[in-house]
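Hydrogens, waters and symmetry mates are skipped; everything else that's a heavy atom, side chains included, is used.
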Amino acid sequence: TIQGFCFPWFVEKLMHRFRPLYFEALLHRDIGWFDVHDASALPAEVGEDLDKWAEGFGNKLGVSIMSTSCVIFGYALGLYLSWQVALVMTVSLPILAVGAMAMGQAMMEMVMETQS
């Protein structure tokens, strides 16, 4: 699929740009910062941070764009085909959004609980 090809390619190009910028930012840190952080752990820290960025820009960004476009297209199709369906969607979408937010919050609390 386009999403399966384009977003990983985009992330790879982005990480090639971020690596030198991240390293340059590390070099310009205050001297006291290196007293607090272990210099031998910096490559692992850089790798972990860039992996988190890559994960966020890769599949998660693609899925969120796809989901948002499906909701917008579905609402527009509902308006076009039948305004009654669009009216039902207008009433039900905020309820669904509140439920999704509550579920996301509960999942974040479970993740934080298991990590600590």
Rounded to the nearest 0.5 Å, how far apart are [atom1] of [X] and [atom2] of [Y]?
{"X": "Phe7", "Y": "Leu14", "atom1": "CZ", "atom2": "CG", "answer": "12.0 Å"}
{"X": "Leu42", "Y": "Tyr22", "atom1": "CG", "atom2": "OH", "answer": "8.5 Å"}
{"X": "Glu12", "Y": "His16", "atom1": "CD", "atom2": "NE2", "answer": "4.5 Å"}

Does atom CZ of Phe23 have more than 12 heavy-atom neighbours from other groups under 6.0 Å away?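 Counting neighbours around CZ of Phe23, 12 or fewer heavy atoms of other residues, nucleotides or ligands fall under 6.0 Å, so no.
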Is atom CD of Glu113 surrounded by more than 12 heavy atoms (other residues, nucleotides or ligands) closer than 6.0 Å? no
What residues form a salt bridge (Lys or Arg N to Asp or Glu O under 4.0 Å) with Glu45, not counting sequence neighbours?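 Partners of Glu45 by the salt bridge (Lys or Arg N to Asp or Glu O under 4.0 Å) criterion come out as none, since no residue qualifies.
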Quick one: list whatever passes ring pair (Phe, Tyr, Trp, His ring centres under 6.0 Å) with Trp53, sequence neighbours left out.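 Trp53: ring pair (Phe, Tyr, Trp, His ring centres under 6.0 Å) contacts with Phe18, Phe57.
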Which atom pairs, one a donor and one an acceptor, fall under 3.5 Å between side chains of residues 92-111 and the rest of the protein, sequence neighbours left out?
residue, atom, partner, partner atom, Å
Ser92, OG, Val88, O, 3.0
Ser92, OG, Met89, O, 3.4

Side-chain donor/acceptor pairs under 3.5 Å, residues 60-69, sequence neighbours excluded:
residue, atom, partner, partner atom, Å
Lys60, NZ, Glu55, OE2, 3.2
Ser64, OG, Lys60, O, 3.2
Ser64, OG, Leu61, O, 2.9
Ser67, OG, Val63, O, 2.9
Thr68, OG1, Ser64, O, 2.8
Ser69, OG, Ile65, O, 3.1
Ser69, OG, Met66, O, 2.9

Compare every heavy atom of Leu50 with every heavy atom of Met15, then report the nearest pair and how far apart it is.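 Looking at all heavy atoms of both residues, the shortest contact is SD-O, 3.4 Å.
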How would you list all residue pairs meeting side chain to side chain donor-acceptor pair (under 3.5 Å) that involve residues 25-34, not counting sequence neighbours?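 Listed once each, the pairs are Trp33-His37.
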Are Tyr75 and Leu79 packed together at the side-chain level, in the sense that at least one heavy-atom pair is separated by less than 4.5 angstrom?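 Yes, at least one pair of side-chain atoms sits under 4.5 Å.
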Shared-cluster residues of Leu87, by chain and number - hydrophobic side chains joined below 4.5 Å: Trp83
